[in-house]
Enquirer: 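The structure under discussion is supplied below as structure tokens; questions concerning it will follow.
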Amino acid sequence: LTALFVVILTEQISKTKNIFSPLVGSFCCLVAVLLYRFSILPSAWIIITATAAALSLVFVVKGREYLKKLGGKVYVDDAGKKFNTTAKGNVMARFQGTVKSKPFILGAHLDTVEPCSNVKASIKNGKVVTDGKTVLGADDRAGLAIILEVIRTLKESKDEYPPIEVACTLCEEDGMYGAKYFDASFLQGKEGLILDDEYPEELIINAPKAYVFEIKITGKAAHAGVCPEKGISALEVAAKAISMMKLGRIDKLTVANLGIVHGGTGTNIVMPEIYLKGEARSRNLPALEKQVKHMRECFKTAEKLFTKKV
């Protein structure tokens, strides 16, 4: 399946000067899935998947040298200095095309989940598996393998193709830190594919931005059975704020939720403190900013309503 996708992707890139049609891409991926499902091309999937782990090691250990060997101009940014990692930075490369046009970008991430060292792959019942001591690491070693093979195939072909830019980022699994600190000044292309999806038949064209937030409300403890009026209930403040708040489905592209709540020390104590954690996400950035502002204002309003001398 991966091998077929490589062939199709290479062919499509060679046929276009600056754009890869999402419709063509979706159709190609769907054909690949159907061929694999009806066992027309099982061997290509086995071969490519089994070698993906080794190709990832090339990127991590000798990535720059390998990309240079393929004829690329390689650049490594300083993203590694901006968060906790032993790697220097994101790896990028540019390859000249045979036609003059904007570059086409191919992206993947360099890391995978642990345990991922010394992968021993084998084939059982038509599937590639490990010995149980490690993960296979196709996320995203398969993406790296595809990129290397696409570039190598284009170099060997006689077809026309645009310049290719490669963007390989760090620490995607830990929080997309490589992407957050990515030096985009190297890239000149405006269109491309990020090869990192569980389902080859899918072509994702956008994704939401998300805010994850934590709220800590500090009230004042008091004995609930003797003098509750001397306390300020953090729970009541939170409840008032939430009662004014728009949550759940905000609009077609925007959602918000409060999912974690901690607080209280006893049933006879006015709750002195409460902790909440939630998120808001949207594919419409102005709508997301509006929702976050709304939620913040609800808490500020509740804070004023419950502020008093005790």
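Heavy-atom basis, side chains included; hydrogens, waters and symmetry copies ignored. Here the structure is a predicted model, which is why all the values come from computation and not from measurement.
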Enquirer: Residues sharing Tyr275's hydrophobic cluster, by side-chain heavy-atom contacts under 4.5 Å among ILVMFWY, directly or via others?
Expert: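 Its cluster partners, ordered by chain and number, are Ile260.
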
Enquirer: Taking side chain to side chain donor-acceptor pair (under 3.5 Å) as the definition, give me every residue that meets it alongside Ser282, ordered by chain and number, with sequence neighbours left out.
Expert: Thr254

Enquirer: In chain order, what residues pass the side chain to side chain donor-acceptor pair (under 3.5 Å) check against Arg283, with sequence neighbours excluded?
Expert: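 Arg283: side chain to side chain donor-acceptor pair (under 3.5 Å) contacts with Asn206.
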
Enquirer: The criterion is salt bridge (charged side-chain N to carboxylate O under 4.0 Å, His left out); which residues satisfy it with Glu214, sequence neighbours excluded?
Expert: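 Scan of Glu214 (salt bridge (charged side-chain N to carboxylate O under 4.0 Å, His left out), adjacent residues dropped) gives none.
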
Enquirer: Can you list the residues that meet the side chain to side chain donor-acceptor pair (under 3.5 Å) rule with Asp196, with sequence neighbours excluded?
Expert: His109

Enquirer: Restricting to side chain to side chain donor-acceptor pair (under 3.5 Å), what partner residues turn up for Thr134, sequence neighbours left out?
Expert: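 Here no residue qualifies.
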
Enquirer: Strictly by salt bridge (charged side-chain N to carboxylate O under 4.0 Å, His left out), give each pair with a member in residues 253-268 just once, sequence neighbours left out.
Expert: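 Qualifying pairs, neighbours excluded: none.
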
Enquirer: Residues two or more places apart in sequence or in another chain: which of them pass ring pair (Phe, Tyr, Trp, His ring centres under 6.0 Å) with Phe299?
Expert: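 Not a single residue meets the ring pair (Phe, Tyr, Trp, His ring centres under 6.0 Å) criterion with Phe299.
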
Enquirer: Which ring pair (Phe, Tyr, Trp, His ring centres under 6.0 Å) pairs, counting each pair once, include a residue from residues 168-196, with sequence neighbours left out?
Expert: Tyr75-Phe186, Phe83-Tyr177, Phe83-Tyr181

Enquirer: Taking salt bridge (charged side-chain N to carboxylate O under 4.0 Å, His left out) as the test, write out the residues that go with Glu289, two or more places apart.
Expert: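 Residues passing salt bridge (charged side-chain N to carboxylate O under 4.0 Å, His left out) with Glu289: none at all.
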
Enquirer: Linking Ile, Leu, Val, Met, Phe, Trp and Tyr through side-chain heavy atoms less than 4.5 Å apart, which residues share a cluster with Leu288?
Expert: Tyr211, Val292

Enquirer: Among residues two or more places apart or on two chains, list those pairs meeting side chain to side chain donor-acceptor pair (under 3.5 Å) that have a residue in residues 257-271.
Expert: none

